[in-house]
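All values below come from the heavy atoms of this structure, side chains included, with hydrogens, waters and symmetry mates left out. All values derive from a computational prediction rather than experimental measurement.
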Amino acid sequence: QVQLVESGGGLVQAGGSLRLSCVASGRTFSNYAMGWFRQAPGKEREFVTAISRGGGNTYYADSVKDRFTISRDNAKNTVYLQMNSLKPEDTAVYYCAAKSTTPLHTLVVFTTRNPYDFWGQGTQVTVSS
């Protein structure tokens, strides 16, 4: 079992920045590919970005490309989401997720919800116009 706890959400003006953190506990963090998803009111949970277990590969949704950056520190069991140039449409609850992988999948990232094994409770991000 892996426990994931997100933090760093809040209220920010359009054009501002936030950095989300997700701390994992319970298993070897470096065995997991990680992802960030978000869910706005009345909408489906959508993919934002993902990173491979070693951090060597990342992938972004088109809507956040060139504005958001995912990174991880395996020594700290933490994955980060740096969000710049925030827009009102980025308002959502942001979730991190973990997917167990093997050493054969060092560069694999997962961009849909189904493969992920564990989810955090989410952190609210609100961007005002």
Side-chain angles (χ1 to χ4, degrees):
Q1 192 79 2
V2 173
Q3 292 78 42
L4 302 172
V5 179
E6 303 97 334
S7 62
L11 174 63
V12 63
Q13 288 188 330
S17 298
L18 283 174
R19 188 176 83 153
L20 306 184
S21 299
C22 172
V23 179
S25 61
R27 293 287 178 90
T28 304
F29 182 64
S30 58
N31 289 345
Y32 290 83
M34 301 296 294
W36 285 97
F37 290 74
R38 66 186 182 186
Q39 187 167 18
K43 294 189 176 182
E44 294 286 318
R45 191 173 300 187
E46 66 174 4
F47 170 78
V48 176
T49 180
I51 189 167
S52 57
R53 58 186 273 158
N57 190 25
T58 59
Y59 191 84
Y60 296 90
D62 287 343
S63 59
V64 306
K65 202 173 294 183
D66 299 325
R67 298 188 300 123
F68 289 11
T69 302
I70 189 171
S71 61
R72 66 188 295 160
D73 185 340
N74 285 348
K76 295 183 178 180
N77 292 353
T78 303
V79 61
Y80 303 98
L81 179 62
Q82 178 66 43
M83 305 186 293
N84 298 330
S85 302
L86 282 161
K87 305 175 181 179
E89 50 262 45
D90 294 319
T91 295
V93 178
Y94 284 70
Y95 299 89
C96 70
K99 166 70 179 128
S100 178
T101 61
T102 74
L104 293 175
H105 303 118
T106 301
L107 295 178
V108 174
V109 295
F110 300 88
T111 62
T112 60
R113 292 173 55 183
N114 282 344
Y116 286 92
D117 303 306
F118 304 103
W119 293 82
Q121 83 290 347
T123 186
Q124 176 71 47
V125 172
T126 303
V127 184
S128 63
S129 56

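Residue V48 is grouped with residue Y60 when hydrophobic side chains (ILVMFWY) are merged at heavy-atom distances under 4.5 angstrom, including chains of intermediate members. In the hydrophobic cluster analysis, where Ile, Leu, Val, Met, Phe, Trp and Tyr join through side-chain heavy atoms closer than 4.5 angstrom, V64 is grouped together with L86. Note on V127 and L81: same hydrophobic cluster, where clusters join Ile, Leu, Val, Met, Phe, Trp and Tyr whose side-chain heavy atoms are under 4.5 Å apart, directly or indirectly. Linking ILVMFWY residues whenever their side-chain heavy atoms come closer than 4.5 Å, directly or via other members, leaves M34 and V23 in distinct clusters. Tracing side-chain contacts under 4.5 Å through hydrophobic residues (I, L, V, M, F, W, Y), one reaches V108 starting from Y59; they form part of the same cluster.
Across all their heavy atoms, T91 and Q124 have their closest contact at CG2-NE2, 4.0 Å. Smallest separation of non-hydrogen atoms from A92 and A40: CB-N, 3.8 Å. Among all heavy-atom pairs drawn from L4 and F118, the shortest one is CD1-O, 3.5 Å. Here the shortest heavy-atom pairing between R53 and H105 reads CD-O, 3.9 Å. The heavy-atom pair separating G8 from T123 by the smallest distance is N-OG1, 4.3 Å. Nearest approach of R67 to S85, heavy atoms of both residues: NH1-O, 3.0 Å.
Atom SG of C96 sits about 9.5 Å away from atom CD1 of I70, to the nearest 0.5 Å. Distance check, rounded to the nearest 0.5 Å: OG1 of T49 to CH2 of W36 gives 10.5 Å. In this structure, the separation between NZ on K99 and CG on N114 is 11.0 Å, given to the nearest 0.5 Å. To the nearest 0.5 Å, atom CZ of residue R72 and atom CG of residue N77 are 9.0 Å apart. Taking OG1 from T69 and CZ from R19, the interatomic distance works out to 11.5 Å, rounded to the nearest 0.5 Å. Here the straight-line distance linking atom CG of D73 with atom OG of S30 works out to 11.5 Å at 0.5 Å rounding.
For S21 (side chain) and Y80 (main-chain N/O), no donor-acceptor pair under 3.5 Å exists by modelled atom type. The backbone N or O of N57 lies less than 3.5 Å from a partner atom in the side chain of S52, making a donor-acceptor pair.
By the 30° and 60° cut-offs, the orientation of the rings of F110 relative to Y116 is perpendicular.
Side-chain contact between Y94 and E6 is absent, with no heavy atoms from C-beta onward closer than 4.5 Å. Side-chain atoms of M83 and V125, non-hydrogen and from C-beta on, do get closer than 4.5 Å to each other. Annotation: side chain of L18 is not in contact with side chain of F68 (no heavy-atom distance under 4.5 Å). Using a 4.5 Å heavy-atom threshold, the side chains of R38 and S63 count as touching. Taking 4.5 Å as the limit, every side-chain heavy atom of V109 sits out of range of all side-chain heavy atoms of T58.
A cation-pi arrangement is absent between R27 and Y32, since the terminal nitrogen or guanidinium carbon is not both under 6.0 Å from the aromatic centre and inside a 45° cone about the axis.
Ring centers of W119 and F37: under 6.0 Å apart, within the cut-off.
Using a cutoff of 4.0 Å between basic side-chain nitrogens and carboxylate oxygens, K65 and D62 are scored as salt-bridged.
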